[in-house]
Novice: 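Below you will find the structure I want to go over with you.
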Amino acid sequence: MNGQTRSKIKIGALVDIVLKRDQPTGKLTRGHVKRILTKSPTHPHGIKVMLEEDDQVGRVQNIVEE
């Protein structure tokens with residue numbers, strides 16, 4: 001499931017995000033959502049979130065079905 005719709009992303013969900021520094025390569029980082037930072041209901045590049053792991057911030061590319 002893609003990460004462009006805010007309502008599909010829940011706190012604690014397992015997601016793949018792309019960090020700002022990894023945008024040129026598209027390298028994904030997996031973790032659990034701590035906070036949802038994007039206020040708008042959708043975003044074409046993915047909803048920005050903070051992960052529980054090391055407070056990393058990036059845009060959601062995939063929501064992992066657990």
Side-chain angles (χ1 to χ4, degrees):
M1 203 167 18
N2 76 28
Q4 296 178 342
T5 307
R6 191 177 192 277
S7 62
K8 293 181 179 177
I9 299 170
K10 306 292 182 216
I11 302 298
L14 186 61
V15 296
D16 291 328
I17 66 168
V18 63
L19 302 172
K20 183 79 169 174
R21 68 173 183 259
D22 294 332
Q23 283 177 346
T25 63
K27 178 179 173 269
L28 297 177
T29 302
R30 184 165 285 188
H32 294 88
V33 177
K34 179 178 183 178
R35 291 178 51 208
I36 300 172
L37 304 175
T38 300
K39 298 293 183 211
S40 65
T42 62
H43 193 284
H45 299 176
I47 300 298
K48 190 178 280 187
V49 299
M50 178 183 288
L51 298 183
E52 292 174 3
E53 294 79 7
D54 300 325
D55 288 343
Q56 297 179 95
V57 174
R59 295 196 180 274
V60 176
Q61 301 302 301
N62 301 306
I63 301 168
V64 180
E65 303 292 332
E66 293 189 78

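Scope of the values below: all heavy atoms of this structure, side chains included, with no hydrogens, waters or symmetry mates. Residue numbers run from 1 in the order of the sequence given.
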Novice: From M1 CE over to Q61 CD, what is the distance, rounded to the nearest 0.5 angstrom?
Specialist: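 If we round to the nearest 0.5 Å, M1:CE and Q61:CD are 14.0 Å apart.
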Novice: Distance from I17 atom CD1 to R30 atom CZ, nearest 0.5 Å?
Specialist: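 It comes to 12.0 Å.
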Novice: Same hydrophobic cluster for L19 and I36, using side-chain heavy-atom links shorter than 4.5 Å among ILVMFWY?
Specialist: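 Linked within one cluster.
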Novice: Keeping Q4 on the side-chain end and T42 on the backbone end, is there a donor-acceptor pair under 3.5 Å?
Specialist: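 Not confirmed, Q4 side chain does not pair with T42 backbone.
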Novice: Do V18 and V49 share a hydrophobic cluster (ILVMFWY, side-chain heavy atoms under 4.5 Å, transitive)?
Specialist: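 The answer is no; the residues belong to distinct hydrophobic clusters.
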Novice: Is there a continuous path of hydrophobic side-chain contacts, each under 4.5 Å between heavy atoms, that joins I9 to M50?
Specialist: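 Each belongs to a different hydrophobic cluster.
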Novice: What are the two closest heavy atoms between T5 and N2, and how far apart are they?
Specialist: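 For T5 versus N2, the nearest heavy atoms are N-OD1, 4.5 Å.
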Novice: Distance-only, no hydrogens or angles: does the R6 side chain make a donor-acceptor pair with backbone N or O of T38 under 3.5 Å?
Specialist: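 Side chain of R6 to backbone of T38: a pair is present.
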Novice: Got V57 and K48 here, is their nearest side-chain heavy-atom distance under 4.5 Å?
Specialist: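 The answer is yes; the side chains approach within 4.5 Å.
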Novice: Check whether any side-chain N or O of K10 sits under 3.5 Å from a backbone N or O of S7 as a donor-acceptor pair, and report yes or no.
Specialist: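 Such a contact is found between K10 side chain and S7 backbone.
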Novice: What is the minimum heavy-atom distance between I11 and K34, and which atoms define it?
Specialist: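 Closest approach of I11 to K34: CD1-O, 3.5 Å.
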Novice: Tell me, please, which residues at least two apart from H32 pass side chain to side chain donor-acceptor pair (under 3.5 Å).
Specialist: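 Result, side chain to side chain donor-acceptor pair (under 3.5 Å) vs H32: E53.
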